[in-house]
Amino acid sequence: MPELPEVETVRRGLTELVAGSRIKTVDVLYPKMINLSSSDFAHALQNQTIDGIDRRGKYLFIRIGNGLTIVSHLRMEGKYDVEPEGVPLSKHTHIVFHLADGRQLRYNDTRKFGRMNLVTTGQEMTVAGLKTIGPEPTEETLTLDYMRRIFGKSRKLIKPFLLDQSNIAGLGNIYADEVLWLSKIHPKQPVNTLSVTELKELRQNIIEEIKRAIAGHGTTVHSYSTAYGEAGSFQNNLNVYGREGQPCLRCGTPIEKIKLAQRGTHFCPTCQVIHGDRHG
DNA sequence: TTCGATGTTAACGC
DNA sequence: AGCGTTAACATCGA
């Protein structure tokens, strides 16, 4: 469930907490989580410095002093925690970085869906998912020209289209529902039927919603109450996600929840109506 | 006890 | 090629 704003919040937290710290040793408790053998992974990282942390879409790039980068994807429930030595490991701690100052950087993941790939810095695109990743949802990188190009040539339904990271990086189930509600677009609208006016508004809503969510330190839902090192606040700003049966904040109609491409999808049946082809 | 829900990606089939 | 569907990952709670 961590989407771009949550991953960015983690990036900033990790930067404050561990950038500049030296890794003494590494324990891999769940080897399936990484791309190398446990011993290769641990040996490559021991006695190296964490230079800093970058991000691309929902991927973290943990920069290591010796020209290596850990590409880390949290998937559904991955979390990083920093604890002093001696605090008992959680049942779901899978990787422990012992830092030279006595603290431990721990990767916790209830479902074990997260992955870490240790690669040569600059070779991040060799990791599955980064080969085809789309532009970041920012003013500079998500241009209207690009939107018109990719939306114009696909008949896919817009909700699954927005979740496809090769179209735009970083949107997940929560923010996809939110930007469609903000843009008054039905989740089943085929993308090549949207007008340029609708694309402009959708683009602006995507860029601004992501910005607002980052400013609010991301959304904290369900099991994520203590996640990300700090609890996010953006759940208080959600307009449709998780509001099934509650009145639409624009028109009062009860919000509906349907299943679309296997994903829970929330929308207002009055504000968000499927329309015919307005393309061109 | 079994099964569905959950997000993402790989694999599969048309 | 490009589309849509399904399985796999693992755990938890109904």
Side-chain angles (χ1 to χ4, degrees), chain A residues 1-10 28-35 55-61 71-80 89-95 107-117 119 124-134 136-137 149-180 187-193 210 213 218-228 232 234-235 238 240-245 256-266:
Chain A
M1 300 246 263
E3 305 179 31
L4 192 156
E6 292 75 39
V7 177
E8 176 61 17
T9 302
V10 173
V28 179
L29 307 173
Y30 183 71
K32 286 176 74 175
M33 188 145 281
I34 58 177
N35 65 325
R55 180 192 57 74
R56 178 78 169 89
K58 304 178 193 175
Y59 293 81
L60 291 168
F61 294 165
V71 178
S72 170
H73 196 299
L74 307 173
R75 292 287 191 97
M76 289 176 70
E77 302 203 15
K79 303 170 185 65
Y80 284 97
L89 295 186
S90 132
K91 180 178 161 188
H92 303 296
T93 300
H94 306 306
I95 315 255
Y107 180 72
N108 299 309
D109 191 336
T110 312
R111 294 253 165 80
K112 300 182 177 171
F113 282 4
R115 289 291 174 266
M116 282 186 209
N117 287 72
V119 302
E124 297 82 15
M125 70 291 296
T126 61
V127 173
L130 282 168
K131 289 172 189 166
T132 56
I133 196 164
E136 294 284 306
R149 188 148 38 84
I150 62 164
F151 282 67
K153 70 178 189 195
S154 170
R155 277 173 292 186
K156 281 189 187 168
L157 310 185
I158 189 159
K159 169 76 186 280
F161 190 84
L162 290 179
L163 292 178
D164 185 340
Q165 304 295 298
S166 68
N167 294 137
I168 301 171
L171 295 177
N173 209 31
I174 297 175
Y175 297 116
D177 282 3
E178 292 297 316
V179 299
L180 289 177
K188 285 187 173 177
Q189 187 74 37
V191 297
N192 65 342
T193 62
I210 292 291
T219 299
T220 303
V221 289
H222 308 305
S223 54
Y224 298 94
S225 52
T226 63
Y228 313 130
F234 201 71
Q235 59 276 13
L238 298 181
V240 275
Y241 186 85
R243 296 194 67 249
E244 179 185 14
E256 285 185 13
K257 181 176 182 180
I258 60 172
K259 198 99 185 172
L260 186 47
Q262 336 270 56
R263 316 300 300 283
T265 297
H266 311 73

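Chain A is the first sequence line, chain B the second, and so forth, proteins listed ahead of strands; every chain is numbered from 1. Values reported hereafter were calculated over all heavy atoms of this structure, with side chains retained and with hydrogens, waters and symmetry mates removed.
If you check every strand for non-hydrogen atoms under 4.0 Å, A/Lys131 touches nothing.
Taking atom NZ on A/Lys156 and atom P on C/dG2, their separation rounds to 10 Å, with Å as the unit. Taking atom CG of A/Leu74 as the reference point, atom C1' of B/dG7 lies 12 Å away to the nearest angstrom. Counting to the nearest Å, the C1' atom of C/dG4 and the NZ atom of A/Lys159 are 17 Å from each other. If you measure from atom CG of A/Asp164 to atom P of C/dT5, you get 14 Å, rounded to the nearest angstrom. With rounding to whole Å, A/Leu60 atom CG is found 14 Å from B/dT8 atom P. One atom, CG of A/Asp109, and another, C1' of C/dC12, lie 14 Å apart when rounded to the nearest Å. The CD1 atom of A/Ile133 sits 11 Å away from the P atom of B/dT8 (whole-angstrom rounding).
Under the side chain to side chain contact (heavy atoms under 4.5 Å, CB included) criterion, A/Gln189 pairs with A/Ile158, A/Ile185, A/Thr193, A/Leu194, A/Ile274, A/His275, sequence neighbours left out. With sequence neighbours excluded, no residue forms a side-chain hydrogen bond (donor to acceptor under 3.5 Å, both in side chains) with A/Asn35. With sequence neighbours left out, A/His94 forms a ring-ring contact (aromatic ring centres under 6.0 Å, His included) with A/Tyr30. Taking the ring-ring contact (aromatic ring centres under 6.0 Å, His included) definition, one finds that A/Tyr59 meets it with A/His73, sequence neighbours left out. With sequence neighbours left out, A/Arg243 forms a salt bridge (Lys or Arg N to Asp or Glu O under 4.0 Å) with no residue at all. For A/Asn192, the side chain to side chain contact (heavy atoms under 4.5 Å, CB included) partners at least two apart in sequence or on another chain are A/Arg155, A/Pro190. Qualifying side chain to side chain contact (heavy atoms under 4.5 Å, CB included) partners for A/Ile150, counting only residues two or more places apart in sequence or in other chains: A/Tyr146, A/Phe161, A/Asn167. Listed by chain and number, the residues in a side-chain hydrogen bond (donor to acceptor under 3.5 Å, both in side chains) with A/Arg115 amount to none (sequence neighbours excluded).
Evaluation of the salt bridge (Lys or Arg N to Asp or Glu O under 4.0 Å) test over residues 157-176 of chain A, restricted to residues two or more places apart or in two chains, returns A/Lys156-A/Asp164, A/Lys159-A/Asp177.
Between the axis at the start and the axis at the end of the helix from B/dT2-C/dA14 to B/dC14-C/dG2 there is an angle of 50°, using five pairs per end and rounding to 10 degrees.
Side-chain N or O atoms of A/Glu244 include none that pairs as donor or acceptor with a backbone N or O of A/His266 at under 3.5 Å. Judged by distance alone, with hydrogens and angles left aside, the side-chain atoms of A/Arg55 form a donor-acceptor pair with the main-chain N or O of A/Gly57 at under 3.5 Å.
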Taking N or O atoms only and anything under 3.5 Å, show me the protein contacts with nucleotides 4-6 of chain B, one pair per line.
{"residue": "B/dT6", "atom": "OP2", "partner": "A/Lys259", "partner atom": "NZ", "Å": "3.2"}
{"residue": "B/dT6", "atom": "O2", "partner": "A/Arg111", "partner atom": "NH1", "Å": "2.9"}

Protein-nucleic acid N or O pairs under 3.5 Å, nucleotides 9-13 of chain B:
{"residue": "B/dT9", "atom": "OP1", "partner": "A/Tyr59", "partner atom": "OH", "Å": "2.8"}

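Residue A/Lys32 places its side chain closer to C/dC9 than to any other of C/dC9, C/dG4, C/dT11.
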